[in-house]
Trainee: 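Sending over a structure as structure tokens; questions will come in a sec.
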Amino acid sequence: MATLGIPANTIAVLQKYNFNFQKKFGQNFLIDTHVLDKIIEESHITKDDFVLEIGPGIGTMTQYLCENAREVAAVEIDKNLIPILADTLSAYDNVEVINEDILKVDINRLAQEKNGGRPIKVVANLPYYITTPIIMGLFESHVPIDSITIMVQKEVADRMQVGPGTKDYGALSLAVQYYAKPEIVANVPPNCFMPRPNVGSAVIRLTRHSAPPVQVENEKLMFRLIRASFNQRRKTLANGLGNAPDIPLSKTEIQESIEELGVPVTIRGEVLTLEQFAKLSNIVGKKLADKKQK
Ligand code: SAM
């Protein structure tokens, strides 16, 4: 039975093991059964699924995952939580706890071993200090993924979902939307956690696109262009690209590329859509290839 979502049970476990929260690991444990039920519902897990959980803490959500999925792997960095997890998950034989830094785990191998390389589901109440590297790592390493349902800082969830022309729009929005369809499915206030975080939270589901929504010849180049345009938000796209050391084009070549895209050379990067960045990267890619041949 999943019972740790009840605050008194979480407190009892913490006291039994004399557990000290580690701020550096972003430890805010969920203590709200409604939120836990909602995450499980929105992650669309079935008994066929293998689920990767990042940062199980004392196993609160892990218990729910074990009851709803075929198999669970939970990666936890804090070695002090491992004996606690052995206790709180002792009733389940479909979970493996891995004491590792998620950024060092070969998730492709894990997906291969546990799920025969078929798409996995990721569910997590993420440690907020490494939200972006975790998400980008999952997407860029091309792990077979069906969906990622995660609790993140509210502001970060907003950034993943918005389109051009808003202050939250940036490299994260474009990267997430290139790989997946983002949907905020719940807003979660600080009092649902122990200890309470200083920020609001949201649960967002990222459903992997079956095919990319835009045609890009060189993904890496597109993301280089995106990063260069948002590194200097207040500058024009031309200046942003001109100042990027990893885009070896002259000022004139950059201006020609922007003109070829069909937008004014004075445009700012923050108003370009994903489709326009894709087009621009194909134009720039061709220019770089032509240059190499000369
Ligand atoms: N899932 C639990 C819950 O909802 O109550 C805990 C969530 S807490 C926000 C984040 C968890 O991630 C903590 O248990 C923390 O120790 C763990 N964590 C932090 N950094 C990590 C990393 N690099 N790799 C794996 N786990 C990490």
Side-chain angles (χ1 to χ4, degrees), residues 2-14 17 19-43 45 51-69 72-89 92 95-107 110 121-138 141 143 148-157 186 188-204:
T3 56
L4 287 172
I6 297 160
N9 294 346
T10 287
I11 292 169
V13 168
L14 296 175
Y17 289 91
F19 180 75
N20 289 317
F21 287 100
Q22 298 242 35
K23 228 182 169 170
K24 67 169 180 191
F25 289 145
Q27 291 177 339
N28 301 95
F29 298 163
L30 264 169
I31 46 159
D32 188 299
T33 54
H34 298 293
V35 174
L36 286 153
D37 285 335
K38 181 76 177 162
I39 295 173
I40 297 300
E41 181 195 327
E42 293 293 349
S43 61
I45 294 172
V51 176
L52 167 66
E53 185 188 11
I54 299 161
I58 60 168
T60 310
M61 195 156 67
T62 326
Q63 294 184 333
Y64 283 74
L65 294 172
C66 289
E67 289 191 6
N68 289 280
V72 180
V75 178
E76 174 56 60
I77 196 170
D78 185 353
K79 66 174 175 10
N80 293 330
L81 287 166
I82 305 307
I84 304 184
L85 287 163
D87 182 358
T88 59
L89 301 176
Y92 302 100
V95 57
E96 181 184 354
V97 174
I98 302 167
N99 185 198
E100 228 336 336
D101 176 348
I102 187 65
L103 298 178
K104 295 189 181 142
V105 173
D106 182 346
I107 304 172
L110 195 67
K121 289 193 171 124
V122 178
V123 183
N125 170 14
L126 283 184
Y128 294 171
Y129 74 106
I130 43 168
T131 301
T132 304
I134 290 176
I135 296 173
M136 293 317 297
L138 286 169
S141 59
V143 174
I148 303 177
T149 307
I150 40 175
M151 177 88 68
V152 296
Q153 200 176 322
K154 169 82 177 92
E155 200 190 304
V156 177
V188 183
N191 62 5
C192 295
F193 301 87
M194 183 185 298
R196 292 179 186 200
N198 298 326
V199 292
S201 303
V203 179
I204 189 164

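Predicted, not measured: the structure shown is a model, and the values here were computed from it. One-based numbering, in listed order, for ligands and for the atoms of each.
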Trainee: What are the two closest heavy atoms between Pro56 and Ala74, and how far apart are they?
Mentor: CG-CB, 3.7 Å
Trainee: Purely on distance, is any nitrogen or oxygen of Tyr129 under 3.5 Å from one on ligand 1?
Mentor: yes
Trainee: Quick check on contacts: which atoms of ligand 1 are under 4.0 angstrom from a heavy atom of Leu81?
Mentor: 14 (O)
Trainee: Examine the side chains of Thr62 and Glu53 and answer whether a donor and an acceptor come within less than 3.5 Å of each other.
Mentor: yes
Trainee: How close do Met61 and Asn125 get, heavy atom to heavy atom, and via which atoms?
Mentor: CE-N, 3.6 Å
Trainee: Going from CD1 on Ile54 to CG on Leu126, what distance comes out if it is rounded to the nearest 0.5 angstrom?
Mentor: 5.5 Å
Trainee: Out of curiosity, Ile39 CD1 to Tyr64 OH, how far, rounded to the nearest 0.5 Å?
Mentor: 9.5 Å
Trainee: Within ligand 1, which atoms have a heavy atom of Glu53 less than 4.0 Å away?
Mentor: 1 (N)
Trainee: Donor-acceptor pair, distance only, cut-off 3.5 Å: does the side chain of Ser201 make one with the backbone of Met151?
Mentor: no
Trainee: Which of the atoms in ligand 1, numbered in the order shown and given with their element, are less than 4.0 Å from a heavy-atom of Asn28?
Mentor: 7 (C), 8 (S), 9 (C)
Trainee: Given that the side chain starts at C-beta and the backbone is N, CA, C, O, which of these parts of Leu126 lies under 4.0 Å from ligand 1, counting heavy atoms, or is it both or neither?
Mentor: backbone
Trainee: Got the closest protein heavy atom to atom 24 (N) of ligand 1, with its distance?
Mentor: Ile102 N, 2.9 Å
Trainee: For ligand 1, which atoms, with element, lie under 4.0 Å from some heavy atom of Gln27?
Mentor: 13 (C), 15 (C), 16 (O)
Trainee: So, regarding Leu30 and ligand 1 (criterion: nitrogen or oxygen to nitrogen or oxygen, under 3.5 Å), is there a contact or not?
Mentor: yes
Trainee: Between Gly26, Gly57, Pro127, which one has a non-hydrogen atom sitting closest to atom 8 (S) of ligand 1?
Mentor: Gly26
Trainee: Might you point out which heavy atoms bring Ala73 and Ile98 nearest each other, and give the distance in Å?
Mentor: CB-CD1, 4.4 Å
Trainee: If hydrogens are left out, which of Tyr64, Phe25, Phe29 has an atom nearest to atom 19 (C) of ligand 1, that is, the closest non-hydrogen atom?
Mentor: Phe25
Trainee: Looking at atom 23 (N) of ligand 1, what's its closest protein heavy atom, distance included?
Mentor: Asp101 OD1, 2.9 Å
Trainee: Starting from atom 21 (C) of ligand 1, find the nearest protein heavy-atom neighbour and note its residue, name and distance.
Mentor: Ile77 CG2, 3.5 Å
Trainee: One residue to check: Ala124. Relative to ligand 1, which of side chain, backbone, both or neither has a non-hydrogen atom less than 4.0 Å away?
Mentor: neither
Trainee: Check Ile58 against Leu4 and note the closest heavy-atom contact, atom names and distance.
Mentor: O-CD1, 3.4 Å
Trainee: Once you round to the nearest 0.5 Å, how far does CG of Asp101 lie from CD1 of Ile77?
Mentor: 4.0 Å
Trainee: Quick test of your reading of the structure: of Asn125, Val75, Ile130, whose heavy atom lies closest to atom 7 (C) of ligand 1?
Mentor: Asn125
Trainee: Minimum distance, heavy atoms only, to atom 14 (O) of ligand 1: which one of Glu100, Glu76, Lys104, Met151 is it?
Mentor: Glu76
Trainee: How close does the nearest protein non-hydrogen atom get to atom 2 (C) of ligand 1, and which residue and atom is it?
Mentor: Pro56 O, 3.3 Å
Trainee: Looking only at non-hydrogen atoms, find the nearest pair between Val95 and Cys66 and report the distance.
Mentor: CB-SG, 3.6 Å
Trainee: What protein heavy atom sits nearest atom 12 (O) of ligand 1, and how far away is it?
Mentor: Gly55 CA, 3.2 Å
Trainee: Do the side chain of Gln63 and the main chain of Thr88 share a donor and acceptor less than 3.5 angstrom apart?
Mentor: yes
Trainee: With a 4.0 Å cut-off on heavy atoms, is Gln22 in contact with ligand 1?
Mentor: no
